[in-house]
Amino acid sequence: MISRRSFIKTSAIAGTGLVGGLYSTNVLGFEIPKPNTDLYQLSASLMQDWAAALLRLQITDKTRTDDYGGIWCPADKAVHGRVGDTIYPFFYLADQTKDSKYIDASVLLYRWMENRVSQPDGSWLNEPVKGSWKGTTVFAAIAMAEALKNYGQLMDTAFKNEMTARLKKAGDYIHTNFNMDYGNINYPVTASYGLSLLGEILDVPQFKVRGKELAHLALQFISKKDSFLYGEGDPLYQASKKGCFSVDLGYNVEESLPSLVMYGLLTKDEEVLGAVTRCMQTHMQFMLPDGGWDNSWGTRNYKWTYWGSRTSDGCQSAYALMANRDARFYKVALKNTQLMQQCTKDGLLYGGPHYIAHQVTPCVHHTFSHIKALTTVLQYGDPQTKLNPDKLILPREENYGSRFFPDIQTWLIAKGNYKATITGYDREYKKTTNGHATGGALTMLWHKKTGPLMIASMNDYQLYEAGNMQPDSDPFSMSLTPRIEIKLNGSIYRNISDLDAAIEVKTEHNQIIATTHSKLVDKDQQSPPSGPINCTVTYCFADEKVIMKFSYDKNIHADQVKIIFPVIAKQEEKISTISNRELRIDKKPSVVKISANHPITQMPSTNGRVFNFVPGYEAVPFCIAQNDVVIEVGVV
């Protein structure tokens, strides 16, 4: 049996110093850059921070046979099947730092993969569980192929040959099984780059041919009106009642669009690069000024974190590498990287801005997935191109009033310092129900001084992908989306569940007024046994405040129907009660003022806050048990 050390070409990595001037080192080997640090300096430092934590979590105890060589997840108390994706970032750091520990770690990861998730047909399982999904083979193949292509000189000949042969088997599996109907759209799109890359480094022409076919077929899945990439859910070819297909912002910006970019750059395919540029410009409309991705409406937003999506790779490898085509793309990549840095503690990327405050243990998947995007930026980007982000204006930094996206039946509002999202998107994920909010819901209310004030979550938190989501054991957990709600005979009826809702937006007297018409329905789109309850919810956006009006058309006992409006606030942010109809939330240095025309009640919660994993925020759950409710929100 060959030892692990014999696979390492130690002469290629002699020494321990950092190279290239990318890092400013302290006693720990890195330091966190200042918030305005250039994208490449920030990426280099942050990825080394993440890598140090991943190394600490790697299991090197040989007595732990099944886990030996894997990276332990502190949240799931297990090793995730895709940890081998970290081989590529580790080889990059081995080359940069001249430290053999990263190659030691890579060899251990490869051995763990072969022992626990490798299959005879050439695939790798998503989790070390019999029958697990095999589509993620394409991500492992890309990571290993990038390591082999760029750092094969660091590998011992025997290890390099073994990895090369294994990649050929993986390529055969992808080539045979992947088509446009294989899983969600992210899989065949990612395979366009995966097969093209494998075809290049393994010299297999049919891989490259199939990669090009998949890339060009993917262009047919860009929506005609708005240029969204669709296919995150099925039915794939059939539109909804409102003419919508399945779009998910998180998977698009963090996985599919980066793959099309990498394919286009690798093959110099200008047709694909032109189409993906337009698509990226559309998706960029949904980046908030603080770097958050507004996926409050997406089909797969059950994996939405404010900075992106739980198990995809990151937007950087699309937006940073395409900044020469639209300079604003650079700012997208920078702002999102800064946000991820703010959500990092002890070297691990937490799944949202309030995970740390709520003392939620982070899933390691966030870190080992997103470290790949930063590696790609450093590997293929141009650090000599430095743009001034202060001179680049993102779409949602503009005060444009309102914009409608018919392909997802969603409005974006920009008025004064407020940014808002209102959606009637009627395509749910596959056969699931009560996933993303709809029904004319206010799924985002954001202010320049505070960030999110109100934000949507899933209507019902459900573990659609139990291996890739964290369970919620809080008995007071609830949806964070503002809504009208009634509970009858064990069923919950909400306006934000109504797929048939209608939205009207107009500008009047220097205000933007959105009026939504919906019904209270359950998860199966059914009204209460007593008959339909029609709802009207109006949002009035002025420069200095937002007014929300809720009403319904039946006289139901007040203890049955509630107007629920959780307000985003960490536990440390003090609430002051001015009267039973007025309160303040101190968000230093700003203060949020909330008032209503009826008494406001704070609903039960754990330690005064509810927390939702989607998208990772704490909130104070307020409600009013009356009809014809008017709520005013302002920030001073």
Can a donor-acceptor pair be found between the side chains of [X] and [Y] at a distance below 3.5 Å?
X      : Y      : result
Gln316 : Asn336 : yes
Tyr302 : Asp460 : no
Arg403 : Gln285 : yes
Asn489 : Ser491 : no
Thr410 : Thr423 : yes

Exercise. Hey, which of Ser312, Ser309, Ser369 is the one that makes side chain to side chain donor-acceptor pair (under 3.5 Å) with Glu254?
Worked result: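 Only one of Ser312, Ser309, Ser369 forms a side chain to side chain donor-acceptor pair (under 3.5 Å) with Glu254, namely Ser312.
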For this session: Only one of Asn434, Thr433, Thr481 passes side chain to side chain donor-acceptor pair (under 3.5 Å) with Asn459; say which it is.
Result: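 Among Asn434, Thr433, Thr481, the one meeting side chain to side chain donor-acceptor pair (under 3.5 Å) with Asn459 is Asn434.
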Could I get the full list of salt bridge (Lys or Arg N to Asp or Glu O under 4.0 Å) partners for [X], not counting sequence neighbours?
X      : result
Lys506 : Glu508
Arg584 : Glu582
Asp181 : none
Lys419 : none

Residue pair [X] / [Y], side-chain heavy-atom distance below 4.5 Å:
X      : Y      : value
Asn468 : Asn126 : yes
Val364 : Leu348 : yes
Asn417 : Val635 : no
Asp472 : Phe613 : yes
Trp446 : Pro289 : yes
Leu583 : Ile600 : yes
Asn597 : Val629 : yes
Met340 : Thr305 : no

Centre-to-centre under 6.0 Å for [X] and [Y], is that the case here?
X      : Y      : value
Phe541 : Tyr418 : no
Trp307 : His366 : yes
His283 : Trp293 : no
Phe405 : Phe286 : yes
Tyr493 : Tyr552 : no
Tyr425 : His436 : yes

Is there a donor-acceptor contact under 3.5 Å from the side chain of [X] to the main chain of [Y]?
X      : Y      : result
Asn495 : Ile484 : yes
Asn179 : Pro188 : no
Lys77  : Pro74  : yes
Thr601 : Ile624 : no
Ser477 : Asp474 : no

For this session: List the steps, then state whether side-chain contact (heavy atoms from CB on, under 4.5 Å) holds for Leu349 with Trp50.
Result: CA-CA 8 Å; Leu349 176 60; Trp50 289 348; 4.1 Å; yes
Closest contact, heavy atoms only, [X] versus [Y]:
X      : Y      : value
Ser123 : Lys134 : OG-CD, 3.3 Å
Leu488 : Pro528 : CD1-CB, 3.8 Å
Pro532 : Asp553 : O-OD1, 4.4 Å
Met469 : Met458 : CE-SD, 4.4 Å

Exercise. Between Asp498 and Arg483, is there a salt bridge with N-O shorter than 4.0 Å?
Worked result: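 No salt bridge links Arg483 with Asp498.
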Exercise. Below 4.0 angstrom, N of the basic side chain to O of the carboxylate: do Lys562 and Glu485 qualify?
Worked result: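 Salt bridge flag = no for Glu485 with Lys562.
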Could you list all the salt bridge (charged side-chain N to carboxylate O under 4.0 Å, His left out) pairs where at least one residue sits in [range], not counting sequence neighbours?
range            : value
residues 427-451 : none
residues 232-250 : Glu232-Arg300, Lys241-Asp500
residues 521-534 : none
residues 304-319 : Arg82-Asp313, Asp313-Lys372

Name all residues meeting the ring-ring contact (aromatic ring centres under 6.0 Å, His included) criterion together with [X]; count only those two or more places apart in sequence or in a different chain, and write none if there are none.
X      : result
Trp411 : Phe404
Trp304 : none
His365 : His80, Phe368

Problem set entry | Option among Tyr617, Phe611, Tyr306 that satisfies the ring pair (Phe, Tyr, Trp, His ring centres under 6.0 Å) test with His354 |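 That would be Tyr617; it is the only one of Tyr617, Phe611, Tyr306 passing the ring pair (Phe, Tyr, Trp, His ring centres under 6.0 Å) with His354.
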For this session: Step by step, work out the side-chain contact (heavy atoms from CB on, under 4.5 Å) result for Val83 and Cys73.
Result: CA-CA 10 Å; Val83 291; Cys73 179; over 6 Å; no
Exercise. When rounded to the nearest 0.5 angstrom, what distance separates CG in Leu57 from CD1 in Ile71?
Worked result: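 The CD1 atom of Ile71 is 7.5 Å from CG of Leu57, to the nearest 0.5 Å.
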Exercise. Between atom CD of Glu504 and atom CD1 of Ile422, what is the distance when rounded to the nearest 0.5 Å?
Worked result: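 Glu504 CD to Ile422 CD1: 12.0 Å, rounded to 0.5 Å.
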For this session: Using the test side chain to side chain contact (heavy atoms under 4.5 Å, CB included), find all partners of Thr536 that sit at least two apart in sequence or belong to another chain.
Result: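 Residues passing side chain to side chain contact (heavy atoms under 4.5 Å, CB included) with Thr536: Thr515, His517, Thr538, Ser551.
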For this session: Walk me through it: do Leu125 and Trp133 pass the test side-chain contact (heavy atoms from CB on, under 4.5 Å)?
Result: CA-CA 6 Å; Leu125 299 177; Trp133 174 239; over 6 Å; no
For this session: Before giving the answer on side chain to side chain donor-acceptor pair (under 3.5 Å), spell out for Thr443 and Ser296 the whole-Å C-alpha distance, their side-chain angles and the decisive distance to 0.1 Å.
Result: CA-CA 6 Å; Thr443 59; Ser296 57; 2.7 Å; yes
For this session: Quick one: do Thr432 and Tyr464 satisfy side-chain contact (heavy atoms from CB on, under 4.5 Å)? Show the steps, please.
Result: CA-CA 8 Å; Thr432 59; Tyr464 292 157; 3.3 Å; yes
